[in-house]
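Every heavy atom of this structure was used, including side-chain atoms; hydrogens, water molecules and symmetry mates were not. In what follows, chains are A, B, ... by sequence order, proteins preceding strands, each numbered from 1.
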Amino acid sequence: MARIGVFICWCGENIARTVDCAKVRDAVAKLPGVAHAEDYKYMCSDPGQDKIRKAIKEKNLTGVVVAACSPRMHEPTFRKACEQSGLNPFLCEMTNLREHCSWVHEDREKATAKAIDLIRMMVEKVKRDKPLQVIKVPVTDRALVIGGGIAGIQAALDIANGGKEVILVEKEPSIGGHMAQLSETFPTLDCSQCILTPRMVDVAQHPKIKLMTYSEVEAVDGFVGNFEVTIRKKATSVDWKLCNACCTCMEKCPQKNIPSEFDEGLATRHAIYIPFPQAVPNKAVIDRTVCTKFKTGKCGVCQKVCPAEAINYEMQDELVKEKVGAIVVATGYDVMPCGDIGEYGYGKYKDVIDGLQFERIASASGPTSGEILRPSDHTTPKSVVFIQCVGSRDCAKGIPYCSKICCMYIAKHAMLYKHKVHDGQAYIFYMDVRAAGKGYDEFIRRAVEEDGALYLRGRVSRLYESEGKLIVKGVDTLSNRQVEIDADMVVLATAMQARPHMDKLAQILGISYDQFNFMSEAHPKLRPVETSRAGVFLAGACQAPKDIPDAVAQAGAAASKVLGLFSADELEREPIVATVNENTCVACLYCVNACAYGAIKEKEIRDRKGNLIKTVAEVNPGLCQGCGACVATCRSNSIDLAGYTDEEICAQIAAI
Amino acid sequence: MIDIIRQKAKELLESKKVDVVIGYGKGTLPNRTTPIFITDPKDVDKLEWNEYCLNDLAVYLRHPSLKKYAKKAIIMKPCDVKAVVDLLQENQIDRENVFIIGVACDGMKDFESGESLAKCLVCSGHNPSFCDEKIGESKVPDLPILAEFADIEKYEQMTPDERWDFWKKAFSHCIRCYGCRAVCPLCYCDRCIVEKTIPQWISSSAHEQGNLSWGIFRAMHMAGRCIGCGECERVCPAGIPLTLLYKKLKKEVLEQYCYEPGKDPDAEAPMCHFTKNDSEDFIR
Amino acid sequence: MSTQTEAKEAATNKGTFEPKIIAFVCNWCTYAGADLAGTSRMKYLPNVRIIKLPCTGRIDTHFIIKAFEEGADGVLVSGCHPGDCHYTSGNYHARRRFAMFRELMDFLGLEMDRLQFSWVSAAEGAKWTQVVDDVIKKVQKLGPNKKFAGLKHD
């Protein structure tokens, strides 16, 4: 005999303002099988949960429906409360009266009627719910970190220092990411490489970290605690066990005008190259797309001159399979190519550059050895215009978000410029100045007060070249005047965007991503490092634009989640798995094809003498992920999914 | 041709290559044939072959009453062989345990009227291809497969209201005898979904709603599998144009997924496979 | 005709017909997208009742038929975009199933505006509101589902 308890939450005013909770309570109390109905202001609070616990004991409830916010919010909370009172947690379900009702409708009468309908449907489902027990699976306590920038490096170090093995996969030949390209970092003006390279070396030398650079993740199978990842180790054409970075190959390589990616096109490299002097691993790699030997079969000079005999043109990509229990995605960001923004002349005028290019110019190890020089004629610019929000906050160009770091790094650029060109003048066109971090506003003030940066609140409408100067036409809205500046160099603060093909990586990992290809976190406020797939975590700018302190913090958070996952030998999995009714199954095996996880196999049922009685399908509950695709494919209705059984759904539909 | 068939049957039984030969025998009324199961080589003369061999004998390959015969030989028209291909695809029979005697067919006729069956007028394969032994040769030209779908057009051009009225009326005559299910080689589920009561998806009562529901379910279960033997419609006492419904889905499966049931036992069944580019113009 | 249908007929004549739409949605994409519409306080018409499933792959055509038999005037099925399924391929299997089911229902004469499908991701709160409003308005124009309601069932 069903005895269902219904608990209606006001959620303060969030639900009660639109839904008449008292009326709902009275209506559902009359539903057949409902033994208890009550409403309360905050069901998720301690006194609220107490009401549930009390009612379960006093009224001998066989099931609970909590009509409140989204189950994605508090289902675990209420299930735990029920468990504490001795009711199987899977006999507790939630009805969404907030996100799907009170927050999206205005008509009180209709919203209340909808609330009653939704609760009635859920009551019918819960009457048929069965008590379920969690499934325990073993955990592989090794982690995979994808991306070797500062976030990936920090996450790898934190996990490894926590005593667990880590595989760090990076697609470039060296780790370091964009941080390795920066000259100094805000708000301390620390030399970027000085704070980064020790960590890079730590990663390379750490006994628990296996570093795989020039490699990419190709496939991910399995589930939390038990992933099997296929990694493609791209052919470097150089045996890294033998290469000792003597650089003889680079000196002799005839292909020498390849634009250097590390120097953002402001300098060149060879076809065989080490990306930058502090690269980790410090080993050479051949770019087969531009190498003469690979394009025409001729040359081969590097192999002839290499004293370590490390060059191997026959090397092939290698596919490696690794078993890991958790994955951290830390693939970082790219800057938006600003060729689309015609008014700023990027690509047309050599002296219009973007933020990362300015970093390379300012960097002591960059193409100009740290001197601020114009790319066109290598003279010192006496006036530099910095333009903020290039691409960002611009719905017309499709990037409506703020890239978060530009206000700070433009101020930094203005300061670095002034420190090196004492008689130079920096002009900064801005819409707002966002400097919300610790010490950030003070940093901006230093740029203005100590280094004389002139902030102009307005946008640039046009930029053109005239007699060797870049004429920048803009407006200063605070003084209500049009402004025209004869600049020697222009630096664009371009929008921060996701790396290319992140949608493909997200699909490989089975996680959600948004329309800008940033990876989606499980909950924007309360679960910033988890994703929609258990066991896959996020760190750094791949999730959203952020600066180094935030990236490092997030990496630490992801590492702590990973270490938490590894803290037990066994993982508890939700028992939402399929089972086959062996009496009625006729082994057509359609379900085997429907299963994406290989969880269903053919099974022979034999008598004691070994004679075959029948063949059926069988589900491995350890592999089953609970999607139910097999259930809908079965014609004889011989397979069902716990938690979403045919009976439960049928009752829910019948109650509309 | 019948002599060759009888001779082959005798051979198979005498050599113990098979335990039973499933074929057509003489019926009790004029022109009628009936399925027979020959186990004794002396009885092979009971086998018949003429233009009234209508039944799709494939339904007996998985029949519980013939389970005791491990190895079976079966006399098949080229259209019926497709059912065997489907059964192989769905793991219902072992290839080594079935000996298919494929007999060339010039077309079958209705018992009473003596007229050609509608399906034979649009037949795309008069000669057997997938079989262990080929007997005879038909000179009747094969029509392209699209000829099968010519009669659907008339219905596709009706308005939705006209179509609803047509099908509602057609299914209102159903008496839920389940003859369509009994005679179909591909309806082999030991417990049919209509017999499930917890929950009851399809009402077992013979009212309009239950009948239409049964009609929809069966059509969905036949999608990508129905080989068009037409037996369901032939045996239906209520004269419901079932093949029209199943052919519509056969046409869609062919057009959208380039799949024809009953051709290749190793092919991937369309309703439990997919491609990344399946059509989705109906999904916003 | 049942009292429920009579009431709906009367309402249609008065121009106040409020259709009942059942939405079968997947937990990871569309349900989350609908949640996002809620947290963003977007507004849409209140005629939809959501039934949550783990994946569109779980959505059987039985559910849709049953929904119509139980009085739904329209059914909406929504899940993850192809390639984004939380369970990798559930929505691909569902896509084929729905394609065939839709052809069948069209052939039987059900108005196609009553049976709609969409891909709504967890980030598409706005799309959810548009889809829901659109389905409700289309079904409102068609009126109550007399076809299924008119089938004798006792």
Can you tell which part of [X] gets under 4.5 Å to a heavy atom of chain C, answering side chain, backbone, both or neither?
X: A:Asp221; value: neither
X: A:Ser532; value: both
X: A:Tyr597; value: side chain

* Asked: So with a 6.0 Å cut-off around NZ of A:Lys23, is the heavy-atom count from everything else above 12?
  ->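 For A:Lys23, atom NZ is not crowded (no more than 12 foreign heavy atoms under 6.0 Å).
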* To do: Kindly check if the number of other-residue, nucleotide or ligand heavy atoms within 6.0 Å of NE2 (A:His501) is above 12?
  =>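 Result for NE2/A:His501: open.
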Need one label for [X]: side chain, backbone, both or neither, based on atoms under 4.5 Å from any heavy atom in chain A.
X: C:Leu36; answer: neither
X: C:Ser121; answer: neither
X: C:Tyr31; answer: both
X: C:His86; answer: both
X: C:Asn27; answer: both
X: C:Ile50; answer: both
X: C:Ala94; answer: neither

Within the 4.5 Å heavy-atom criterion, are [X] and [Y] side-chain neighbours or not?
X: C:Arg97; Y: A:Thr633; answer: yes
X: C:Lys52; Y: A:Asn96; answer: no
X: A:Leu641; Y: C:Pro54; answer: yes
X: C:Phe63; Y: A:Asp646; answer: yes

* **chain C interface, residue from A:Ser102, A:Gly643, A:Cys630, A:Pro71 that has the most non-hydrogen pairs under 4.5 Å** =>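 Result: the option with the highest number of such pairs is A:Pro71.
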* To do: Considering only heavy atoms and a distance below 4.5 Å, find which of A:Ala596, A:Gly510, A:Ala594 pairs most often with chain C.
  =>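 So the answer, after comparing A:Ala596, A:Gly510, A:Ala594, is A:Ala594.
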Distance, nearest 0.5 Å, that separates [atom1] of [X] from [atom2] of [Y]:
X: C:Trp128; Y: A:His100; atom1: CH2; atom2: NE2; answer: 7.5 Å
X: A:Ile656; Y: C:Glu69; atom1: CD1; atom2: CD; answer: 10.5 Å
X: A:Cys650; Y: C:Asp60; atom1: SG; atom2: CG; answer: 11.0 Å
X: C:Ile51; Y: A:Lys125; atom1: CD1; atom2: NZ; answer: 10.0 Å
X: A:Ile649; Y: C:Leu53; atom1: CD1; atom2: CG; answer: 5.0 Å
X: C:Thr88; Y: A:Ile508; atom1: OG1; atom2: CD1; answer: 11.5 Å

Identify the heavy atoms of [X] and [Y] that sit nearest to each other, and give their distance.
X: A:His105; Y: C:Lys43; result: N-CD, 4.2 Å
X: A:Cys627; Y: C:Tyr87; result: CB-CG, 3.2 Å
X: A:Val104; Y: C:Met42; result: CG1-O, 3.2 Å
X: C:Arg58; Y: A:Thr645; result: NH2-C, 3.6 Å

* Donor-acceptor pair, A:Lys114 side chain versus C:Val48 backbone, under 3.5 Å? ->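 Judged by distance alone, yes, a pair lies under 3.5 Å.
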* Does the pair C:Asp35/A:Arg98 count as a salt bridge with the N-to-O cut at 4.0 Å? ->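 Judged by the 4.0 Å cut-off on N to carboxylate O distance, C:Asp35 and A:Arg98 do not form a salt bridge.
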What residue in [options] has the most heavy-atom pairs under 4.5 Å with chain A?
options: C:Cys55, C:Ala123, C:Pro46; value: C:Pro46
options: C:Ala67, C:Ser89, C:Gly83, C:Gly90; value: C:Gly83
options: C:Ala72, C:Cys29, C:Ala32; value: C:Ala32

